[in-house]
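Below, each value reflects all heavy atoms present in this structure, side chains not excepted, and no hydrogens, waters or symmetry copies. Note that the structure is a prediction, hence the values are computed from the model and not measured. Each chain gets a letter, A, B and so on, in the order its sequence line appears, and its residues count up from 1.
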Amino acid sequence: MVAAEIRVTLPDGSQKTLPKGSTAADLAKAIGPGLAKAALAARVNGEVRDLARPLPDGATVEILTDKHPQALDVLRHSAAHVLATAVRQLFPHAAIGFGPPIEDGFYYDFEVPRPFTPEDLQQIEAKMQEVVAADHPFVREEVSRDDAKRRFTDDPLKLERIADLGANEVISVYTDGPFVDLCRGPHVPSTGRIKHFKLLHAAGAYWRGDERRQMLQRIYGTAWFSKDDLEGYLRRLEEAKKRDHRVIGKQLDLFSIQEAVGPGLIFWHPKGAMLNFQLRRFIEDVILERGYQLVYTPHVTREELFLRSGHLPLYADNQFPPMAAGEGEAEDVRYRVKPMNCPMHILVYASQQRSYRDLPLRLAEIANVYRNERSGTLHGMLRVRGLSMDDAHIFLREDQIEEEIFRLLDIVDLVMGKTFGLQYRLDLATRPERKLGDDATWEVAERALEGALKRRGVTYRLDQGGGAFYGPKIDIKFNDAIGREWQGATIQLDYEQPERFRLEYTGADNKPHRPVMIHRAIFGTLERFVGFLIEHFAGAFPLWLSPEQVRVLPIADTQVDAARALAGRLQGAGIRTHLDDRSETLNYKIRDAETHKVPYMAVVGQREAEAGTVAVRVRGEGKKQVVQPVDEFVRKLEEEIRTRALKPLI
RNA sequence: GCUGACGUAGCUCAACUGGUAGAGCAGCUGAUUUGUAAUCAGCAGGCUAAGGGUUCGAGUCCCUUCGUCAGCUCCA
């Protein structure tokens with residue numbers, strides 16, 4: 001006897017009885033007409049599915065509406081299908097690659113004889129509007145492998161995907177109007193649900209991300225539930241553009257890249273150099289207080305060093321080619337500019353006998369290294385060929401790992417969290433498939449990292465199998481002022497290089513032992529970190545970092561002497577001050593100082609000159625001004641700089 | 001490295017289908033002496049990324065190189 005009804009559980013715990021064969025759409029209807037209308041998909045036993053699929057008996061079901069983040073992915077995935085539907089109508093012979101939802105949007109890859117032009121995109125978008133207006137239902141079908149092959153005989157990309165599907169995987173096909181696609185789903189009920197979308201740009205993308213395969217043409221788009229969301233997103237794109245460190249870097253004269261010298265090589269102009277200098281000073285102070293020692297090591301080395309370290313065969317693509325030796329040396333001695341510092345610091349370690357009492361030995365160097373990054377990957381200061389790493393290598397015993405990681409996380413928190421006020425996240429990456437060393441060693445290392453993370457009481461994500469082949473690591477990711485995620489610091493354990501260089505220390509047992517090594521960077525590189533800071537602060541740096549901290553503005557020539565005295569006084573206190581004694585209006589000078597993001601404008605008029613006061617205007621806070629005695633102004637500035645305050649104290 | 005788009009004054013951008021390279025801002029000079037986001041006038045500024053070609057004539061069309069941008073790939 002087959003039951004004629006099924007029973008499902010709703011998120012609030014209540015149960016609903018429905019006729020057998022009922023779909024999630026039926027369930028939504030049974031709950032209420034409002035929900036039926038808003039429903040986009042359903043989560044059935046945790047899996048997001050189409051509304052039109054029959055519900056299994058006993059399932060836990062949640063109807064997803066535009067309030068659920070997962071529904072947004074479904075919407076975007078469906079939008080990708082609408083895109084493909086439109087492309088197929090305009091370019092009937094386009095082969096169809098992948099079309100997934102991504103953060104903030106979706107894309108679809110096509111194999112077409114010529115790349116898409118901006119005009120094509122406009123046409124495609126217009127066609128998409130037609131597809132949406134037609135309100136085609138998304139119809140799901142399960143098909144056999146042979147059937148699937150038959151349906152896509154003239155689409156080699158789909159055939160390749162079918163061939164890759166596992167033997168007992170369900171093969172499903174979705175149809176919306178004229179378009180049929182091999183697809184796992186799920187989708188929104190019909191194309192009419194996709195109202196607020198926009199195509200953004202087209203670019204080449206390798207089939208399956210493999211640069212040896214053919215290049216497809218990828219179209220990126222974005223889709224949202226409401227017009228407001230869509231417009232908000234487009235506004236965020238605009239905002240991000242305004243914060244672009246390449247644009248601000250030029251406006252504020254922070255840095256340049258010179259074609260005469262080469263791409264990916266940064267010229268730090270005086271103002272950018274001040275940022276660089278302050279960050280160096282800060283991080284060096286922090287680490288010197290914590291038992292690190294600074295070293296300076298050569299920029300070029302015989303190439304054998306990188307052979308021995310194991311870098312060369314693997315890393316050669318990222319290194320600049322070798323240089324011939326200088327005169328008087330054997331011709332076959334070749335030199336390389338260094339792409340990383342670890343072998344150098346290892347040589348410092350190995351330059352003498354080490355005792356267990358010396359450990360941990362922490363060697364730090366803000367060093368310039370050069371990597372021959374592929375030309376297409378270069379991007380302003382964020383991806384360069386000349387890198388200033390705030391590097392350090394810590395040599396220690398295995399039993400010291402946990403404590404040392406704990407201390408490192410303390411530095412990370414001090415710099416990222418306390419000083420820059422950033423929200424950051426830690427990822428623990430554990431042993432990958434292909435690895436060096438035995439499992440017992442990995443076990444110890446991973447437990448030590450985990451122990452330190454737990455001791456700090458921070459939440460972290462586990463990136464199973466994401467470690468380097470020579471050791472596990474902790475990656476630090478953080479968000480900027482407009483919510484974008486950045487990857488900065490990494491803390492990496494290394495068993496490989498101490499082995500290759502046969503590093504040793506004498507233990508309490510008077511026997512030789514092999515130390516472990518930690519590679520770590522806090523900022524990562526000064527290039528990337530400053531690029532990040534420019535975008536994060538949109539050029540309005542906190543006082544301690546600002547290249548120009550105060551601009552003194554006399555109102556008229558009669559106050560220039562008083563203004564010069566004030567500027568001298570500030571400079572005497574170590575405050576980076578500029579006197580603007582140009583024969584311009586106050587309005588002009590204020591506008592100039594504001595556009596140059598100077599934190600404080602010190603206005604000196606007749607009243608201030610006579611009273612020994614200063615009228616302070618705070619960057620970005622408009623007309624609100626504070627008139628105060630010069631002494632008080634200096635005191636506040638000093639305090640704000642000393643504490644590295646993020647917000648003005650005035 | 002690959003695909004596509006692009007490269008005009010320090011910056012942002014003009015210059016119809018090939019016909020004498022132009023504006024605003026910045027700079028310089030002068031006038032002005034200013035009370036919280038642009039005072040006025042004048043001047044100067046270019047081998048149109050570089051090299052080659054087509055043409056009576058090239059910023060504009062073609063080729064090569066370099067660089068930039070959007071992505072792919074890679075990554076601090």
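We find that CG of L216(A) is positioned 18 Å from P of G71(B), with the value rounded to whole Å. At whole-Å resolution of the value, CG in D580(A) and P in A37(B) are 15 Å apart. If you measure from atom CZ of R374(A) to atom P of C75(B), you get 10 Å, rounded to the nearest angstrom. Note: CG (N372(A)) to C1' (A76(B)) measures 16 Å, nearest angstrom. With rounding to whole Å, E527(A) atom CD is found 19 Å from C75(B) atom P. Distance CZ (R218(A)) to P (G4(B)): 16 Å, rounded to an integer number of Å. As a whole-Å value, the separation of K250(A) NZ from A9(B) P is 11 Å. Nucleotide C2(B) holds its C1' atom 14 Å from the CG atom of L378(A), rounded to whole Å.
For a distance-only test at 3.5 Å, the side chain of E608(A) qualifies as a donor-acceptor partner of the base of G35(B). With hydrogens and angles ignored, no donor-acceptor pair under 3.5 angstrom links the side chain of Y206(A) to the base of G71(B). Within 3.5 Å, a donor on the side chain of R528(A) pairs with an acceptor on the base of C75(B), or the reverse. You'll find a donor-acceptor pair under 3.5 Å spanning the side chain of R617(A) and the base of A37(B), going by distance alone. Side-chain N/O atoms of R383(A) and base N/O atoms of C74(B) include a donor-acceptor pair closer than 3.5 Å. Scanning atom types as modelled, one donor and one acceptor separated by under 3.5 angstrom connect the side chain of S583(A) and the base of U34(B).
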Writing each nucleotide of RNA chain B 5' to 3' as (, ), [, ], | or . by Watson-Crick or G-U pairing under 3.5 Å yields (((((((..((((.....[..)))).(((((.......))))).....(((((..]....))))))))))))....

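Nucleotides A15(B) and G59(B) place their C1' atoms 9 Å apart, quoted to the nearest Å. Taking atom C1' on both nucleotides, C11(B) is separated from G45(B) by 13 Å, rounded to a whole Å. Here the separation of G4(B) from A21(B), taken at their C1' atoms, is 29 Å to the nearest Å. With both ends at atom P, the span from G27(B) to G18(B) equals 39 Å, rounded to whole Å. Look at the C1' atom in both U64(B) and U54(B): the space between them is 15 Å, to the nearest Å. Comparing the C1' positions of G22(B) and U60(B) gives an interatomic distance of 16 Å, to the nearest angstrom. Straight-line distance between the P atoms of C47(B) and G10(B): roughly 9 Å, to the nearest whole Å. A gap of 32 Å separates the P atoms of C56(B) and A14(B), to the nearest Å.
The only option from L199(A), I102(A), I219(A) that meets the side-chain contact (heavy atoms from CB on, under 4.5 Å) definition with Y107(A) turns out to be I102(A). Checked options R243(A), R236(A), R235(A); the residue passing with E239(A) is R243(A) (criterion: side chain to side chain donor-acceptor pair (under 3.5 Å)).
The closest side-chain donor-acceptor pair between Y220(A) and R218(A) falls under 3.5 angstrom. Counting only N and O atoms by type, the side chains of E119(A) and Q123(A) include no donor and acceptor under 3.5 Å apart.
Between F529(A) and F420(A), the ring planes lie perpendicular to each other; the angle is over 60°, past the 30° to 60° tilted range. Between F532(A) and W486(A), the ring planes are perpendicular. Angles over 60° get that label, and only those under 30° would be called parallel.
Using a 4.0 Å heavy-atom distance criterion, G209(A) is classed as a sugar-phosphate-only contact.
Picking from C66(B), C72(B), A37(B) the nucleotide with the shortest atom distance to the side chain of T377(A) gives C72(B). Checked against U36(B), C69(B), G71(B), the side chain of K623(A) finds its nearest nucleotide in U36(B). Distances from the side chain of Y220(A) to the nucleotides G71(B), G7(B), G27(B) place G71(B) closest. Here the nucleotide nearest the side chain of R582(A), chosen from U36(B), A76(B), G27(B), is G27(B). Closest approach to the H379(A) side chain among U68(B), A70(B), A37(B) is made by A70(B) (side chain taken as heavy atoms from C-beta onward). Listed candidates were A38(B), U34(B), G71(B). Nearest to the side chain of L586(A) is U34(B). Closest to the H201(A) side chain, of the nucleotides U39(B), G1(B), G71(B), is G71(B). With distances taken from any side-chain atom of V384(A) to the nucleotides A38(B), C2(B), A76(B), the minimum falls on A76(B). Among the nucleotides G35(B), G1(B), U3(B), the one closest to any side-chain atom of R385(A) is G1(B).
Between D561(A) and R564(A), at least one side-chain N (NZ, or NE/NH1/NH2) sits under 4.0 Å from a carboxylate O, which counts as a salt bridge. Looking at R551(A) and D592(A), a side-chain N of the basic residue comes within less than 4.0 Å of a carboxylate O on the acidic one, giving a salt bridge. Look at D210(A) and R208(A) and you find no salt bridge, because none of the NZ, NE, NH1 or NH2 atoms lies under 4.0 Å from a carboxylate O. The pair E160(A)-R213(A) meets the salt-bridge criterion, with a side-chain N (NZ, NE, NH1 or NH2) lying under 4.0 Å from an Asp/Glu carboxylate O.
If you check residues 547-565 of chain A against RNA chain B, the residues with a heavy atom closer than 4.0 Å are I555(A), A556(A), D557(A), listed by number.
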Can E211(A) and R374(A) be said to form a salt bridge (charged side-chain N to carboxylate O under 4.0 Å, His left out), step by step? CA-CA 13 Å; E211(A) 60 184 315; R374(A) 300 163 82 172; 2.6 Å; yes

Which pairs would a plain distance check flag for residues 364-372 of chain A, meaning a side-chain donor or acceptor within less than 3.5 Å of a matching protein atom at least two apart in sequence or in another chain?
{"from": "E365(A)", "atom 1": "OE1", "to": "T297(A)", "atom 2": "OG1", "distance (Å)": "2.8"}
{"from": "E365(A)", "atom 1": "OE1", "to": "H345(A)", "atom 2": "NE2", "distance (Å)": "2.7"}
{"from": "E365(A)", "atom 1": "OE2", "to": "T297(A)", "atom 2": "N", "distance (Å)": "2.8"}
{"from": "E365(A)", "atom 1": "OE2", "to": "T297(A)", "atom 2": "OG1", "distance (Å)": "3.2"}
{"from": "N368(A)", "atom 1": "ND2", "to": "S388(A)", "atom 2": "OG", "distance (Å)": "2.9"}
{"from": "R371(A)", "atom 1": "NE", "to": "Y315(A)", "atom 2": "OH", "distance (Å)": "3.4"}
{"from": "R371(A)", "atom 1": "NE", "to": "P339(A)", "atom 2": "O", "distance (Å)": "2.8"}
{"from": "R371(A)", "atom 1": "NH2", "to": "P339(A)", "atom 2": "O", "distance (Å)": "3.1"}

